Chemist: 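My structure is below; once you've seen it, I'll send some questions.
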Amino acid sequence: MKKIVAIVTMSVTCLALYAQTYSYEEVLSLERKVEGRKNSDWAMQQPYVIMLSIDGFRYDYAERYGATNIQSIIDSGVSTERMIPSFPSKTFPNHYAIVTGMYPGNNGLVSNEFYSREKDYWYNIRDKKAVTDASWYSGVPIWVLAEQHQMLSANFFWVGSEAPIEGIYSTYSYPYTSRVANEHRVDRIVEWLGFSERERPHLILGYFSLVDDAGHRYGPEHEKTKEAVLEIDRVIGKLLKGIESSGLPVNVVLVSDHGMANISRGIVLPEVLDLDDAKVAYSFPPMIYQPDSAKLEKLYNELLKVENIDVYKADAVPDYLMFENEDCIGDLVLISKAPTVILDKAKPVSGGTHGFNPFDHEEMGAIFYGSGPSFKEGVEISPFQNIHIYPLLAEILGLKYSHEIDGKSAVLGGILRK
Ligand code: AMP
Ligand code: ZN
Ligand code: ZN
């Protein structure tokens, strides 16, 4: 009996701890600052960009749920009916595609979880050792490009910001934790705008997971997901007020990494085939690593017979998905279509998820809305892929680059005022 009471007390304490958010003072104490950096005279003449990501904000949420503050950004600036995520439509590959202009196969983050043959190590979004290790990240994130131009940047949780990529952190950044209230993130962003000209970041990145969390748990059309959308909309309203009172030429870019689809069926992988000693990355869509070619062939042939799973050998993933990376992509890539997901073990399947092929699932569609002095007003453009945002941000901020990326400046160049 005593044991049960102890377990219950422990669980309640854990739950309370999990739900607890930091006070604003505690939040500030988490901030990391790289000392000694100042904006150059040139950087101080450039405009400002605040790019916020609302994880899992599907392309139709703003209108569907009446998000009025977000709608005001759409009305006063540039929007697209749907931004197309990169494959796989997961959080880490897409956040990092947006800030590098490179497809996940080229930017290093091929999924939320994957194995590197070269390192003989797993990357996983919950493994701080991997997440903070710059050797996993290719390309030059936009905040690194800014800092290389002696333009300060600030980062509230963007994927990659905890690693010294190219040896550089944002001047102001935070270690990722879900315990910072969304409102506090925005309060700090507004404070950054109040810094002296030399110390004020010109590029600010922010991230919210609330809408994705609700979408997974309840599904995209649920009242609780609507509540999450409206809560983030409220917080964005606060940010817009803060920007207005700063009087600075600030551009706001709102993006999401992917959308959300209803799910209701699961295929339990170990129940439909004998995986033997293969390694499996289950982060949806799963990848199987099997270096023994005879065993691989056997798995492949068995998977061809499984209904509702499309299986591709690493070198035969359809070209248009641009999913190539010899070190990290599994020998087999398994794709299903919503409402079916592929699982590691039997569990109830409900609510929503993402990861599906973004080209045959409209529900994977994300958002792109940009407003501010650099953007044209009241323009809606055709769907485009998220890798094209990097050249756009570079152009707004006057940042030059010569390394190769996948994004093209011509795709979004026309949405800026000349
Ligand atoms: P998923 O829906 O599986 O693609 O992943 C979404 C989850 O990623 C969110 O619920 C966040 O908790 C987590 N996440 C987002 N950004 C970071 C980050 N920078 N570090 C660690 N976890 C993150
Ligand atoms: Zn996400
Ligand atoms: Zn998610």
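In each ligand, atom 1 is the first atom listed, and ligand 1 is the first ligand listed. A quick note: this is a predicted structure, and the numbers were derived from the prediction, not measured.
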Chemist: What do you reckon, is CZ of R217 surrounded by more than 12 foreign heavy atoms closer than 6.0 Å?
Modeler: no

Chemist: Can a salt bridge be assigned to the pair K295 and D276 using a cut-off of 4.0 Å between side-chain N and carboxylate O?
Modeler: yes

Chemist: Provide the full list of salt bridge (charged side-chain N to carboxylate O under 4.0 Å, His left out) pairs with a residue in residues 389-398, sequence neighbours left out, each pair given once.
Modeler: E395-K418

Chemist: Any carboxylate oxygen within less than 4.0 angstrom of a Lys/Arg side-chain nitrogen, looking at K119 and D327?
Modeler: no

Chemist: Looking only at non-hydrogen atoms, find the nearest pair between P164 and T132 and report the distance.
Modeler: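 That would be CD-O, 3.6 Å.
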
Chemist: Determine, for E183 against R185, whether the closest basic-nitrogen to carboxylate-oxygen distance falls under 4.0 angstrom.
Modeler: no

Chemist: Which pairs count as salt bridge (charged side-chain N to carboxylate O under 4.0 Å, His left out) when at least one residue sits in residues 48-74, sequence neighbours excluded?
Modeler: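 Residue pairs with at least one partner in residues 48-74: R58-D60, R58-E221, D60-R64.
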
Chemist: With a 4.0 Å cut-off, would you call E162 and K128 a salt bridge?
Modeler: yes

Chemist: Less than 4.0 Å between a side-chain N and a carboxylate O, is that true for E197 and R200?
Modeler: no

Chemist: If you consider just the N/O/S atoms, which atom of D257 is the closest one to the Zn ion (ligand 2)?
Modeler: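 So the atom name we want here is OD2.
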
Chemist: For ligand 1, which of its N or O atoms have a protein N or O partner closer than 3.5 Å, and how long is each gap?
Modeler:
from     : atom 1 : to   : atom 2 : distance (Å)
ligand 1 : 2 (O)  : D212 : OD2    : 3.0
ligand 1 : 2 (O)  : H216 : NE2    : 3.0
ligand 1 : 2 (O)  : H354 : NE2    : 3.0
ligand 1 : 3 (O)  : K90  : NZ     : 3.3
ligand 1 : 3 (O)  : N112 : ND2    : 3.1
ligand 1 : 4 (O)  : T91  : N      : 3.2
ligand 1 : 4 (O)  : T91  : OG1    : 2.5
ligand 1 : 4 (O)  : N112 : ND2    : 2.8
ligand 1 : 5 (O)  : T91  : OG1    : 3.1
ligand 1 : 10 (O) : D213 : OD1    : 3.3
ligand 1 : 12 (O) : Y176 : OH     : 3.2

Chemist: Is the number of heavy atoms from other residues, nucleotides or ligands within 6.0 Å of CD (E380) greater than 12?
Modeler: yes

Chemist: Just to be sure I understand the site: which N, O or S atoms from the protein are less than 2.8 Å away from the Zn ion (ligand 3)?
Modeler: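 For the Zn ion (ligand 3), the protein N, O and S atoms that sit under 2.8 Å away are D212 OD1, D212 OD2, H216 NE2, H354 NE2.
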
